[in-house]
Peer 1: 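Below is one structure. I have some questions about it.
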Amino acid sequence: MSPHRVVLNNGITVIMVENPTADIMTARFFIKAGTRCEPPHLFGLSHLLAAVMTKGTGNLSSMDIAERVESVGASVGAETSNDYFLFSLKTVSVDFQDILTLGAELLRSPALPEAEVELEKRLTLQAIRSQKEQPFAIAFSQLREAMYRDHPYALSTLGVESTVAGLTRLDLEKFHRTYFRPDNLVISLVGCWPLDDAIAALEAAFGDWQAPPLPIPKVDLPRLTPQPTVRKTSQDSQQSIVMLGYLAPSVLLKNGDGVPPEYAALKLLNTYLGNGLSSRLFVELREKRGLAYDVSAFYPTRLDKSQFVVYMGTAPQNTAIAIEGLRVEVERLTALYLHNDELQTAKNKLLGQYALGKQTNSQIAQILGWYETLGLGVEFDEMFPEAIAQVTAEDARRVASRYFTDPYISLVGPAAALNSAIPSPVS
């Protein structure tokens, strides 16, 4: 099931994998425009667009669309992320042509009904307010804001109340007109149709779509330099949330193709520290010391600078110990080499989970389209496991030494516990 890459005459990049083992067709449509393309006064714009994308076209109402999709058991949806906008569909093969035609109409000419825009705005504002009551969401939000400041990565994809409240249908229409164009689109298609038939169907649905003469706007984002701070939010809760964050490299190489060695090493360290019940943080801080209700780590793949985060939920009286415990576990990696068995176990776990994440047509379409959209190419799917296998203990220590210096610290919990843990003024 090797992927085929085709560029249509109008600039659409198509990634196609033929999988005859299931009578399912899955398509992912990646627009290269996520929240990183939103101007500061319009944060939340692409999320709102995704919410109303399937609510109507010039010819079809939201009810018409729902009936047409549900009558054949298909699915159609839209969502946004930091680095791309995603429209997706899935159906049995006999209905693929009809659902693809519908999907093309939604993607190219959404009606964006005024009433639906206002309804989704209210729902988004409720979701933003709900996040402000959740300790983990609060801690992550203030950590993100401290690390990214004026960069769009500083905010949730939902946006913020002040900008979402002011969004209009015209804002959505302008964003759509600017970025939804064939030369800014990657289609990732996996299913049982032969390659030539699938390409012909895509040509029928999208072949007459032409890119406008204006170039795609370049995104000018602020340069990020580490300025570690402490952020605290008091909350009358039964636990404290402790987060430590470090600015970390993008998935892109500055020069040339391939997997950035530092990215591969940090992916491995993320697995070693925080992936599962056998991870270092879980064993040392929860099982042996009984500190954590919840403890883990994450290092998302990003076009711009990413973040390496370790976190813990703990009893308020353990807040200071939790900060120290997380720092000790992260910073020991800057001085010590992982043992061979630790290194190999982390590789086996990461590569095993990576392979298990590509079992369905939807999973394959997602990962191949994502890599192509980020500019990595579908070859990244083969290069990534090879890069992980080549990480050495010295690589891991060297990369840890470079990035795991002073952390950004984010705390949420009872005021007495936070002030006892870090009495200095917050910044």
Side-chain angles (χ1 to χ4, degrees), residues 12 27-66 68-69 75-89 102-129 131 151-187 205-206 209-221 373:
I12 296 176
R28 294 281 193 272
F29 304 80
F30 291 85
I31 300 292
K32 299 177 185 178
T35 61
R36 66 193 296 277
C37 298
E38 298 173 347
H41 66 290
L42 297 177
F43 282 143
L45 178 60
S46 55
H47 168 79
L48 188 59
L49 177 59
V52 298
M53 174 71 79
T54 60
K55 304 299 185 182
T57 70
N59 302 315
L60 299 168
S61 68
S62 60
M63 187 58 69
D64 294 333
I65 294 166
R68 192 160 154 187
V69 172
S75 64
V76 170
E79 59 189 271
T80 195
S81 72
N82 290 126
D83 295 330
Y84 60 84
F85 184 101
L86 178 65
F87 182 83
S88 59
L89 63 85
L102 172 63
E105 188 174 342
L106 289 167
L107 193 67
R108 296 172 58 174
S109 308
L112 310 177
E114 193 80 50
E116 296 287 354
V117 171
E118 293 305 313
L119 172 62
E120 293 298 337
K121 274 173 61 176
R122 290 196 295 274
L123 295 174
T124 301
L125 290 170
Q126 290 175 10
I128 293 172
R129 291 166 190 147
Q131 285 186 341
H151 192 289
Y153 286 180
L155 300 175
S156 158
T157 56
L158 294 177
V160 294
E161 286 184 84
S162 59
T163 58
V164 171
L167 292 175
T168 68
R169 181 187 178 282
L170 288 178
D171 294 326
L172 303 188
E173 197 176 56
K174 183 178 179 182
F175 188 84
H176 180 271
R177 188 168 57 249
T178 302
Y179 292 106
F180 284 62
R181 44 190 285 171
D183 54 347
N184 202 37
L185 171 62
V186 172
I187 301 177
F206 293 97
W209 194 17
Q210 296 300 313
L214 293 175
I216 300 166
K218 291 185 178 179
V219 179
D220 186 19
L221 298 176
T373 302

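The residues of the chain are indexed from 1 along the displayed sequence. Keep in mind that the numbers below use all heavy atoms, side chains included, and drop hydrogens, waters and symmetry copies.
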Peer 1: D83 vs Y153, test: side chain to side chain contact (heavy atoms under 4.5 Å, CB included). Steps then yes/no.
Peer 2: CA-CA 9 Å; D83 295 330; Y153 286 180; 2.6 Å; yes
Peer 1: State, yes or no, whether a side-chain contact exists between S156 and F43 at a heavy-atom distance under 4.5 Å.
Peer 2: no
Peer 1: Which atom names give the shortest non-hydrogen contact between E116 and S62, and what distance separates them?
Peer 2: OE2-OG, 4.0 Å
Peer 1: Side chains of P182 and F206: closer than 4.5 Å at any heavy-atom pair?
Peer 2: no
Peer 1: With side chains defined as the heavy atoms from C-beta onward, is the minimum distance between L42 and T163 less than 4.5 Å?
Peer 2: no
Peer 1: Quick check for you: to the nearest 0.5 Å, what is the distance between R181 atom CZ and I216 atom CD1?
Peer 2: 4.5 Å
Peer 1: To the nearest 0.5 Å, tell me how far E79 CD sits from Y84 OH.
Peer 2: 6.5 Å
Peer 1: Under the 3.5 angstrom rule, does the side chain of E38 hit a backbone N or O of L45 as a donor-acceptor pair?
Peer 2: yes
Peer 1: Indicate yes or no: at least one non-hydrogen side-chain atom of V69 is less than 4.5 angstrom from one of L102.
Peer 2: yes
Peer 1: S61 pairs by side chain to side chain contact (heavy atoms under 4.5 Å, CB included) with which of D64, T57, N59?
Peer 2: D64
Peer 1: Would you say L155 and V160 make side-chain contact, with heavy atoms under 4.5 Å?
Peer 2: yes
Peer 1: Measure across S46 and T80 and return the closest heavy-atom pair with its distance rounded to 0.1 Å.
Peer 2: OG-OG1, 3.1 Å
Peer 1: Give the ring-plane orientation class for F85 versus F180, where under 30° counts as parallel, over 60° as perpendicular and anything between as tilted.
Peer 2: perpendicular
Peer 1: Shortest non-hydrogen contact from I128 to G159?
Peer 2: CD1-O, 3.6 Å
Peer 1: How far does CG of L125 sit from CD of E120, to the nearest 0.5 angstrom?
Peer 2: 11.0 Å
Peer 1: Heavy atoms only: give me the nearest L112-L49 pair and the separation to one decimal.
Peer 2: CD2-CD1, 3.7 Å
Peer 1: Drop me the distance from L158's CG to Q126's CD, to the nearest 0.5 angstrom.
Peer 2: 12.0 Å
Peer 1: Taking all non-hydrogen atoms of both residues, which atom of Y179 and which atom of N184 are closest, and how far apart?
Peer 2: O-ND2, 3.0 Å
Peer 1: Is the backbone of A111 close enough, under 3.5 Å, to the side chain of R169 for a donor and an acceptor to pair up by distance?
Peer 2: yes
Peer 1: Show the nearest heavy-atom pair for residues F29 and L89, with the distance to one decimal.
Peer 2: CE1-CD2, 3.7 Å
Peer 1: Does the side chain of T373 come within less than 4.5 Å of K32's, by heavy atoms?
Peer 2: yes
Peer 1: Ignoring hydrogens and angles, tell me if any N or O in the side chain of R108 forms a donor-acceptor pair with the backbone of A205 under 3.5 Å.
Peer 2: yes
Peer 1: Any chance you could measure L185, atom CG, to I12, atom CD1, to the nearest 0.5 Å?
Peer 2: 5.0 Å
Peer 1: For H176 and L107, indicate whether the former's side chain and the latter's backbone hold a donor-acceptor pair under 3.5 Å.
Peer 2: yes
Peer 1: Strictly distance-based, threshold 3.5 Å: is any side-chain N or O of K55 a donor or acceptor partner for the main-chain N or O of P113?
Peer 2: no
Peer 1: If you measure from CD on E118 to CG on L123, what distance do you get to the nearest 0.5 Å?
Peer 2: 11.5 Å
